[in-house]
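See structure below.
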Protein chains: 2
Amino acid sequence: MPATIKDVARVAGVSVATVSRVLNGFSNVLPATRRHVEEAARQLGFAPSAAARSLITRRTDTIGALLPDLHGEYFSELIRGMDQAARSHGLHLLVSSAHGHAQQAAAAFGAMRGRVDGVLVMSPQVSEGGSVVDALGSMACGLPTVLVNTPDASRRLPSFVVDNLGGARAMVEHLLATGRQHLVFVGGPRHNHEATERRRGCLEALAAAGAPKPWELEGDFTEAAGQAAGRRIAERLRAARPKLPRPQAVFAANDMTAVGVLAALTAAGLRVPEDIALGGFDDVPIARYLSPALTTIRVPIVELGTAATHALVQRIENGPQQEAASPPGAFTPSVLPVELLHRRSTALPAG
Amino acid sequence: MPATIKDVARVAGVSVATVSRVLNGFSNVLPATRRHVEEAARQLGFAPSAAARSLITRRTDTIGALLPDLHGEYFSELIRGMDQAARSHGLHLLVSSAHGHAQQAAAAFGAMRGRVDGVLVMSPQVSEGGSVVDALGSMACGLPTVLVNTPDASRRLPSFVVDNLGGARAMVEHLLATGRQHLVFVGGPRHNHEATERRRGCLEALAAAGAPKPWELEGDFTEAAGQAAGRRIAERLRAARPKLPRPQAVFAANDMTAVGVLAALTAAGLRVPEDIALGGFDDVPIARYLSPALTTIRVPIVELGTAATHALVQRIENGPQQEAASPPGAFTPSVLPVELLHRRSTALPAG
DNA sequence: CTGAAAGCGCTTACAG
DNA sequence: CTGAAAGCGCTTACAG
């Protein structure tokens, strides 16, 4: 039903080749001819068929984004960054979310083949079968791919990550600097790469400072898990058990966990930071509005999205030969720096 | 470079027609033949070309989402709802954000033509040129379109909206019921349809109850605007001017505005809800974590996304004839109900 | 500067 | 049950 290039050619009284040249901005067309064609196209409301075009050009002008089942601000900021960068290159963005497991992500990757010129993959989970890169297997070869906050031991693919390790270290160093030695670490999901890195940073920083090992509690990046942890912490703080060291600060693996911890501590009648300090990770918007405002690690989410997208575009433009030729170890992940935001939840007690 | 249907046919020793039948699950293929083809396809890592396929089927199996430059949770929840619904129909989702103005949205709409089977349009702004529906003009005809929280006086397109009017009324009735008569309304962006509806609901509910008109302050849905409004309110509360009625409650057009109002009031030494009550709109996650927790109107964002998407899919499946035949007035918007969440920011003073 | 023609990778009547 | 062939709407050498 919609007009085709043939219709335009007929109305303009030229060949389809000429119409194509005009539409693609070639210079070797007489001004008068060009005008006729443009007039005919407008008159017919002509829109070129993307399918026909990409069949022959072998480009879809679209990039895909494979995302986990993210919650909240983090997700939207990331998409905004990706969309912004894609748009600046004249590309469209095809998103596919809710890929908790590496296998799901790999399946979605397969479904995108042929619809996109390249794919951004974010899949921080490491399941029994390994990371998403393992699940992808040979699929990724041929289709330009860039990883975002995704573990890849093989380093076969370009990768952008946030400095989870450095951020966790910075937080611990800050807590130590304020005189808190006895820490509680509330972790993230067991198989989540980011959670693992944050934990590692915490342990390393404590060890480097000669501070005692933290008391570790389990979590899963949710507020509910934080509340459960907070209740246990409150219990221990109140039970005056001289044998056990009194926790002086809580480092939650992400802000939502910290939100839960704070709620539980407050409900138990404890004061932050006077009775115990609290730090988070991510700097979600809620962080500054908590009482007390939450000390946390700001993560450059939009930048993460734009940087990965620009890298993907470059890879696409370098052509397919580059794809095949990436042996294991070919890429070193680009690490985006994070920033410690010092707020009241870790302030020194006035006394 | 990637394998084509011809390669599969050659390896399997059959014709491309047979390969096509197998791949599309037709039943009229001998089991043995089917096996050969499947084996060949797997062996070659064959993935059908979406472009070639959609060129002939005239379907892209993709729907587009045109979104404004949204911030935060709202955006991600909406996308999650859309993606979820699209996936359930086996469709992909192409997103395009950052369309503040109706004209930008219309341009993006044009860029999507030919790449999608239908479009979800969210563009609450009404600029000089009218709403996005006006800017779309005849573009929408032919391409199935469903509006989301987007004004459309002509009612030429199916539309899903949140009950902004009813939500605003409910909030005002609640404030009146707690004995607060003198309200301040902090508005949203001047040309935003949702903001306009919320204001209208506020005014109507006050008028219906015989309450005085509110003191109106300008805003733009941002925290900064809320802070500015909050400072003016604090000023008036402190200047004991017997002529002017003392404001008893603030109704902010959205939660982020309320966040700013609260910050300014608190900074001025005023207590919420004791000195003045405060209500918002949206129920962003921050709302429950404020001190005091914010009374607000919960908006069913995920549902909005899924409902609109299902409607779009149905429209796509009904075929193109339906599109052309929609005269002005053909559609009544579907209004999704909202819910008043009663929290401490509007509680009655203990006394 | 312009046109006729081949071809991109599929699907789908039409025969057999 | 299977194949040969046309055709979807474009782009792009190749002539002229």
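Note that the structure is a prediction, hence the values are computed from the model and not measured. Throughout, protein chains are lettered first and strands after them, A, B, ... in sequence-line order, and every chain is numbered starting at 1. In what follows, every heavy atom counts, from backbone to side chain, and hydrogens, waters and symmetry copies are set aside.
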Atom-to-atom span, [atom1] of [X] to [atom2] of [N] - whole angstrom:
X        : N      : atom1 : atom2 : value
B:Leu55  : C:dT11 : CG    : P     : 11 Å
A:Leu44  : D:dG9  : CG    : C1'   : 15 Å
A:Arg35  : C:dC1  : CZ    : P     : 14 Å
A:Leu30  : C:dG3  : CG    : P     : 10 Å
A:Ile5   : D:dG7  : CD1   : P     : 18 Å
B:Asn24  : D:dT2  : CG    : P     : 15 Å
B:Arg113 : D:dG9  : CZ    : P     : 14 Å
A:Arg115 : C:dG9  : CZ    : C1'   : 14 Å

**Prompt:** Just checking A:Thr33: base, sugar-phosphate only, or nothing, at a heavy-atom cut-off of under 4.0 Å?
**Reply:**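 Sugar-phosphate, backbone atoms only, no base.
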**Message:** Are there runs of at least three consecutive Watson-Crick or G-U pairs touching DNA chain D, with each pair's two distances under 3.5 angstrom? Give them by first number.
**Reply:**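 Expected stems, ordered by start: C:1-3 with D:14-16, C:5-12 with D:5-12, C:14-16 with D:1-3.
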For the [atom1] atom of [X] and the [atom2] atom of [Y], what is their distance to the nearest 0.5 Å?
X        : Y        : atom1 : atom2 : result
A:Arg53  : B:Arg115 : CZ    : CZ    : 8.5 Å
B:Asp117 : B:Arg315 : CG    : CZ    : 14.0 Å
A:Leu312 : A:Thr145 : CG    : OG1   : 7.5 Å

**Options D:dG9, C:dG7, C:dT12, nucleotide nearest the side-chain atoms of B:Phe26** =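 Looking only at side-chain atoms, B:Phe26 lies closest to C:dT12.
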**Request:** With B:Thr150 as reference, evaluate B:Val146, B:Asp152, B:Leu147 under the side chain to side chain contact (heavy atoms under 4.5 Å, CB included) test and give the passing residue.
**Result:**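 That would be B:Leu147; it is the only one of B:Val146, B:Asp152, B:Leu147 passing the side chain to side chain contact (heavy atoms under 4.5 Å, CB included) with B:Thr150.
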**Request:** From the options A:Thr306, A:Val302, A:Leu304, select the one residue that forms a side chain to side chain contact (heavy atoms under 4.5 Å, CB included) with A:Leu78.
**Result:**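 So, applying the side chain to side chain contact (heavy atoms under 4.5 Å, CB included) to A:Leu78 and each of A:Thr306, A:Val302, A:Leu304, only A:Leu304 qualifies.
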**Evaluation steps, side chain to side chain contact (heavy atoms under 4.5 Å, CB included), between B:Leu66 and B:Ser123** = CA-CA 8 Å; B:Leu66 251 48; B:Ser123 181; over 6 Å; no
**Message:** Taking side chain to side chain donor-acceptor pair (under 3.5 Å) as the cut-off, I'd like each qualifying pair that reaches into residues 11-23 of chain B, sequence neighbours left out, listed once.
**Reply:**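 Passing the test, one end in residues 11-23 of chain B: B:Ser15-B:Thr18, B:Ser20-B:Asn24.
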Write out a two-atom table: protein N or O, nucleotide N or O from nucleotides 14-16 of chain D, distance below 3.5 Å.
none

**Message:** I need the full list of salt bridge (charged side-chain N to carboxylate O under 4.0 Å, His left out) pairs touching residues 41-51 of chain A, with sequence neighbours left out, sorted by first then second residue.
**Reply:**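 Listed once each, the pairs are A:Glu39-A:Arg42.
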**Message:** Enumerate the salt bridge (charged side-chain N to carboxylate O under 4.0 Å, His left out) contacts for residues 83-98 of chain A, please, sequence neighbours excluded, ordered by first and then second residue.
**Reply:**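 Every salt bridge (charged side-chain N to carboxylate O under 4.0 Å, His left out) pair that includes a residue of residues 83-98 of chain A, provided the two are not neighbours, is A:Asp83-A:Arg87.
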**Short side-chain N/O contact to C:dT11 OP1/OP2 from B:Arg53, under 4.0 Å** =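 So the side-chain polar atoms of B:Arg53 do come within 4.0 Å of the phosphate oxygens OP1 or OP2 of C:dT11, strictly under.
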**Request:** Check whether any side-chain heavy atom of A:Ile63 sits under 4.5 Å from a side-chain heavy atom of A:Ile316, and report yes or no.
**Result:**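 A side-chain contact under 4.5 Å exists here.
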**Prompt:** Under a 4.5 Å cut-off applied to non-hydrogen side-chain atoms, are B:Ile79 and B:Leu67 in contact?
**Reply:**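 Yes, close enough: below the 4.5 Å cut-off.
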**Position toward the 5' end of DNA chain D (nearest nucleotide), B:Arg34 or A:Ser49** =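 In this pair, the answer is B:Arg34.
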**Prompt:** Residues from residues 11-20 of chain A sitting under 4.0 Å of DNA chain C, heavy atoms only?
**Reply:**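 Output list: A:Val14, A:Ser15, A:Ala17, A:Thr18.
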**Salt bridge flag under 4.0 Å for residues A:Arg35 and A:Glu38** =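 Salt bridge absent between A:Arg35 and A:Glu38.
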